[in-house]
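Below is one structure, written out as structure tokens; comments come after it.
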Amino acid sequence: MATASAACHGGGIVYYKVLPMSMFLLLLRGLVQPVAAAACSVDAIYSFGDSIADTGNLLREGPVGFFASIGSYPYGQTLRKPTGRCSDGLLIIDYFAMALNLSLVSPYLDKGADFASGANFAVAGATALDRAVLLQSGIMAPPASVPLSSQLDWFKAHLNATACPSLQDCAKKLAGALFLVGEIGGNDYNYGFLQGFRSIEAMKAYVPQVINAIMDVAKEVIELGATQIVIPGNFPIGCSPSYLSLFAASGDLDDRGCLRSYNAFAQHHNEQLQAAIDGLRKANTDVTVVYADYYGAFMHLLDHASLLGFEQGALLQACCGAGGAYNFNMNSMCGAPGTTTCADPARNVSWDGIHLTQQAYRAIALSLLMEGFAQPDDAVQEIWSC
């Protein structure tokens with residue numbers, strides 16, 4: 001779910017806020033409105049990442065290849081208009097912003113936007129590593145791909161353009177902001193897996209480099225004044241219709257119908273990432289660093305899908321696609337001639353075989369904020385203390 005080379009991305013139910021299941025389901029279905037807009041401890045969000053978080057940057061760059069259709073229907077159909085989000089509707093970052101009583105975070109390339117609530121530098125197809133690093137091993141990134149280093153450059157340019165002339169001014173400006181560094185890294189792996197069918201063992205060599213790239217950005221925003229950072233892990237790519245359509249014939253399926261080895265690879269990345277986050281915390285004891293367990297939240301969704309309103313028989317099928325066991329065809333992506341869209345995207349987990357539906361992103365966001373899938377939990381509760 002980052003690109004057609006993108007990462008789609010357990011624990012039991014733990015209620016931290018503490019919500020009864022009935023209230024959780026009402027929130028999930030959008031039936032409960034906030035009583036009042038309480039003041040929050042966060043006044044802006046700055047986001048780096050790929051298509052999991054892109055709210056319109058690639059659309060303004062000019063989507064190509066697998067992303068050529070994101071600027072037209074059926075993308076955005078739940079919102080009744082395409083927005084450049086790789087979904088039928090909203091993303092996790094949108095629900096994070098709403099939970100903080102902020103307006104939705106505008107894409108950096110929307111020059112007419114109001115950036116009072118922060119700015120989003122995430123770009124669909126983005127990689128943690130620079131294109132030159134990937135090319136050294138023969139891995140091709142799309143022409144429009146904007147790596148993390150370039151997104152960081154955009155952030156610095158944004159600061160310079162928004163009355164932040166000195167480090168002291170920036171530190172004051174950023175002290176009340178929340179930084180989302182990722183999800184990122186999925187495309188680095190997926191371009192290798194899905195372009196050249198590289199082995200899992202071969203792709204493991206990239207994990208330390210990807211983790212270092214993520215940590216470098218986190219360290220730099222801390223130096224600029226960031227005090228609250230969320231770093232998500234990768235989704236279980238073995239449950240993605242895109243991966244399943246290519247590799248399910250291997251028979252390497254678990255009880256959920258997901259690919260064991262590819263999910264184990266995602267877990268390997270996440271374990272290395274958490275170890276690096278621990279080191280970052282120890283070196284920056286005055287900074288709050290939260291790990292967002294996208295993998296666990298996604299598996300929690302699969303395990304409680306019927307209860308959450310999803311169609312049990314279509315959990316690993318794309319809502320929008322061209323048919324087949326997983327309704328996914330790499331050569332006929334969502335929006336292409338001959339593809340169709342399911343009757344109710346809110347009943348499906350996967351939107352286009354790579355990215356999730358609005359309803360799935362909403363369920364995951366709620367799990368991260370309310371069910372302990374973002375750690376440490378006390379930090380999560382403090383950040384979203386509205």
Side-chain angles (χ1 to χ4, degrees), residues 1-11 48-53 92 122 125-130 133-134 137 139 141 145 147-149 151 180-219 229-240 242-244 246-247 252 254 256 258-281 289-300 302 354-356 364 368 373-375:
M1 299 171 212
T3 88
S5 316
C8 163
H9 310 331
F48 305 86
D50 55 28
S51 57
I52 303 300
I92 293 172
T127 53
L129 301 177
D130 287 352
V133 176
L134 294 170
S137 298
I139 297 176
S145 176
L148 259 183
S149 60
Q151 294 180 31
L180 305 180
V181 183
E183 177 270 353
I184 192 72
N187 288 328
D188 299 72
Y189 309 135
N190 295 319
Y191 291 143
F193 284 138
L194 303 183
Q195 287 178 6
F197 301 101
R198 283 173 169 76
S199 71
I200 290 173
E201 286 305 313
M203 291 308 298
K204 279 187 177 180
Y206 283 93
V207 174
Q209 297 176 69
V210 168
I211 301 300
N212 286 339
I214 296 170
M215 289 300 108
D216 286 345
V217 170
K219 291 172 185 175
I229 303 175
V230 174
I231 304 178
N234 282 355
F235 284 102
I237 55 176
C239 298
S240 169
S242 59
Y243 271 75
L244 286 162
L246 291 171
F247 304 122
D252 180 36
D254 62 18
R256 297 184 180 94
C258 302
L259 291 158
R260 288 189 182 88
S261 55
Y262 287 94
N263 278 353
F265 176 84
Q267 288 177 306
H268 174 72
H269 166 93
N270 292 341
E271 289 165 1
Q272 299 300 309
L273 179 62
Q274 290 177 77
I277 289 173
D278 286 342
L280 186 66
R281 290 187 183 120
V289 185
V290 172
Y291 172 69
D293 184 6
Y294 282 15
Y295 187 106
F298 184 90
M299 289 304 198
H300 174 268
L302 288 188
I354 298 167
H355 310 96
L356 304 186
I364 288 170
L368 292 167
F373 287 98
Q375 304 95 28

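All values below were derived from every heavy atom in this structure, side-chain atoms included, with hydrogens, water molecules and symmetry-related copies excluded. All values reported here derive from a predicted model rather than from experimental measurement.
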Measuring only between side-chain heavy atoms, which start at C-beta, is Leu356 closer than 4.5 Å to Ile364? yes
Point-to-point distance, once rounded to the nearest 0.5 Å, from CG of Asn187 to CG of Asn234: 9.5 Å
Minimum heavy-atom separation for Phe373 to Ala297, with atom names? CD2-N, 3.6 Å
Using modelled atom types only, decide if a donor and an acceptor are shared between the side chain of Asp252 and the backbone of Ser261 within a distance under 3.5 Å. yes
Supply the atom-to-atom distance Ile211 CD1 to Asp216 CG, rounded to the nearest 0.5 angstrom. 11.5 Å
Look at the aromatic rings of Tyr189 and His269 and report parallel, tilted or perpendicular, splitting at 30° and 60°. perpendicular
Within the structure provided, determine whether Phe193 and Ile200 are in side-chain contact (heavy-atom separation under 4.5 Å). yes
Which distance, rounded to the nearest 0.5 Å, do you find between the CG of Leu244 and the SG of Cys258? 6.5 Å
Go through Leu280 and Ile231 one step at a time and tell me if the side chain to side chain contact (heavy atoms under 4.5 Å, CB included) criterion holds. CA-CA 11 Å; Leu280 186 66; Ile231 304 178; 4.2 Å; yes
Out of curiosity, Gln267 CD to Ile237 CD1, how far, rounded to the nearest 0.5 Å? 11.0 Å
Heavy-atom nearest pair, Pro236 first then Met299, reads CB-CE, 3.8 Å
Can you check whether Leu148 reaches Phe48 side chain to side chain, under 4.5 Å on heavy atoms? yes
Quick check: closest heavy atoms across Gly125 and Tyr191, and the distance to 0.1 Å? O-OH, 2.7 Å
Just by modelled atom types, is the Arg260 backbone N or O under 3.5 Å from a matching donor or acceptor in the Asp254 side chain? no
So, for Ala374 and Leu368, which heavy atoms are closest and what is the spacing to 0.1 Å? CB-O, 3.4 Å
Are side-chain heavy atoms of Tyr206 and Ser137 found at a separation under 4.5 Å? yes
Does Asp188 reach the side chain of Met203, with side-chain heavy atoms less than 4.5 Å apart? no
Asn263 versus Leu259: any side-chain heavy-atom pair under 4.5 Å? no
Where is the tightest heavy-atom contact between Ile229 and Ala218, given as atom of each residue plus distance? CD1-O, 4.0 Å
So, Gln151 side chain and Gly49 main chain: donor-acceptor pair closer than 3.5 Å or not? yes
Testing the basics here: between Tyr291 and Pro232, what is the closest heavy-atom pair and its distance to 0.1 Å? CE1-C, 4.3 Å
Would you give the length of the straight line joining atom CG of Asp50 to atom CD of Glu183, rounded to the nearest 0.5 angstrom? 4.0 Å
Kindly compute the distance separating SG (Cys239) from OH (Tyr295), expressed to the nearest 0.5 Å. 6.5 Å
